[in-house]
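The block underneath contains the structure these notes are about, expressed in structure tokens.
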Amino acid sequence: MLLMTKFENPWKQNPWFESVAVAQERARKRLPQPVYGALVAGSERGQSVADNQAAFAELGLAPHVVGQLPERSQATMVFGQQIGLPVIISPTGVQAVHPDGEVAVARAAAARGTIMGLSNFASKSVEDVTATGANTFFQMYWTGDRDTMVQRMQRAHAAGVRGLIATLDWSFSMGRDWGSPEIPEKVDLKAMIRLAPKVATKPRWMWQFGRQFRQTGKLPDLTAPNLAAPGEETGPTFFGAYYEWMTTPPPTWDDVAWMRETWAQISGTPFVLKGVCRVDDALRAVDAGVAGISVSNHGGNNLDGTPAAIRMVRPIAEAVAQASAGQVDVVMDGGVRRGSDVVKALAMGAKAVMIGRAYLWGLAANGQAGVENVLDVLSGGIDSALRGLALASTGELRPEHLLIPDGFDRALGVPEPARTVRAGR
Ligand SMILES: Cc1cc2nc3c(=O)[nH]c(=O)nc-3n(C[C@H](O)[C@H](O)[C@H](O)COP(=O)(O)O)c2cc1C
């Protein structure tokens, strides 16, 4: 009996992982192929999703051998919030990755002292997410009429979010050369039978959702609770939500100004525009009164052929710093997989980075602890880079701390002469 209790399975996997790549590999093994496929996907030929990561590898670091500092700080002020590390959770719909979904992600964000970006397509309600105590920014697409948007903003504000992220880059570029994953309208018996061959080989994932079913009697419903009409308990299905979005006329700059102003009246907290790629758009966003901008190609999921986000950061950060006298924060997202990537983005002028797939893989691999693990991996990498560069804080990072190959930057939407100056740097 004693022997039995002391026996430990020597092959049991240590749930901790040392890199985001290891988390990704565990997510690949654990998730049904359509779910994993939805996470890694990029649009069309995948040029932008590949460049997001490849571009980071083009940038180099030049470490010192002596003179490194014993204390190094990652604390950052961004969008009016004090955060413990310059890494923010980017909003993603994490349907079907893990039964605790965005609630687990929010708990991890709170535990590590950073901002939780919550998608309006999320599987958990904004009330459940803010109840974790996480510093939550609610993300909205331009979808529905103005009255509906106001009602969604009011609900998010009432739930206690501390900022709004407007993601306006989506251009419905659907075709993927490797095929789009199948997402059922809802997880009913019919869908389960159809998908059974793809999930039958993933016992751990099935067991997690089975446990949820045993505890709550509910299967994942694949709805968007944050888009529920007032008074309704459940939100539209993912496809219903997508239809509303597709049929909403695209926003104008006046609409952006309206949205920012409306949010200011409702909440008075920061308004961030996500998905900016061009200097001219960034400057118009400054004119529209935004508090922050995320340079992003939507993780390579939008218009394929858009350059890597890290290539677009420096021209935008410089222009925005000048136009706003340093009042508007620029962050970036796309391809961040390690602490040195964060350091590179900050040296190029970003105040912080946002991460998407990295935390989704952590979530798939080990729930809340997996997301914390990803944030720790990034934080550890940032600290190593600061030590090597002999810097006391992330706030000291500048372009001169990097080896930047000629022609690395992509300055989109600037007059030709300025672009020539940039290329010659
Ligand atoms: C599966 C998935 C779902 C996403 N859903 C949203 C979303 O609902 N709203 C949004 O603003 N961005 C969404 N994004 C984009 C991310 O916020 C972020 O821009 C992108 O993931 C960053 O690239 P990375 O995954 O390489 O870190 C999504 C990305 C992925 C991979």
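Values below: every heavy atom of this structure, side chains too, minus hydrogens, waters and symmetry copies. Whatever order the structure lists them in is the order used to number ligands and atoms, beginning at 1.
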What's the separation between atom CG in Leu85 and atom CG in Asp383, rounded to the nearest 0.5 Å? 11.0 Å

For a salt bridge (charged side-chain N to carboxylate O under 4.0 Å, His left out) check, start with the C-alpha distance between Arg155 and Glu127, then their side-chain angles and the critical distance, and finish with the verdict. CA-CA 9 Å; Arg155 176 177 167 189; Glu127 292 80 9; 2.9 Å; yes

Identify, by atom number and element, the atoms of ligand 1 in contact range of Thr167, meaning under 4.0 Å from any of its heavy atoms. 10 (C), 11 (O)

Got a sec, which residues hit ring pair (Phe, Tyr, Trp, His ring centres under 6.0 Å) with Tyr141, two or more places apart in sequence or on another chain? Phe121, Trp245

If the contact criterion is a heavy-atom separation under 4.0 Å, does Gly93 count as touching ligand 1? yes

Give the ring-plane orientation class for Trp258 versus Trp142, where under 30° counts as parallel, over 60° as perpendicular and anything between as tilted. perpendicular

As an exercise, identify every atom of ligand 1 less than 4.0 angstrom from a heavy atom of Arg337. 24 (P), 26 (O), 27 (O)

Can a non-hydrogen atom of Asn52 be found less than 4.0 Å from any atom of ligand 1? no

Per-atom contacts of ligand 1 with Gly334, taking only distances under 4.0 Å to non-hydrogen atoms: 22 (C), 23 (O), 26 (O)

Run the side chain to side chain contact (heavy atoms under 4.5 Å, CB included) test against Arg152 and tell me which residues pass, sequence neighbours left out. Met140, Thr143, Thr148, Leu227, Glu244

Quick check on contacts: which atoms of ligand 1 are under 4.0 angstrom from a heavy atom of Ser296? 19 (O)

Check: Gly356 N/O within less than 3.5 Å of ligand 1 N/O: yes

Of the choices Ala309, Ala308, Gly299, which has the non-hydrogen atom that lies closest to atom 20 (C) of ligand 1? Gly299

Under 3.5 Å between any N/O of Ile355 and any N/O of ligand 1: does that happen in this structure? no

For the 3.5 Å polar cut-off, considering only N or O atoms, please tell me whether Asn301 and ligand 1 meet it. no

Near Gln139 (heavy-atom distance under 4.0 Å), the atoms of ligand 1 are 7 (C), 8 (O), 9 (N), 10 (C), 11 (O)

Please report which non-hydrogen protein atom sits nearest to atom 3 (C) of ligand 1, along with the residue it belongs to and the distance in Å to one decimal place. Thr92 CB, 3.6 Å

Electrostatic pair Asp376:Arg112 at N-O distance under 4.0 angstrom: yes

Is the contact between Gln53 and ligand 1 made by the side chain, the backbone, both, or neither, using heavy atoms and a 4.0 Å cut-off? neither

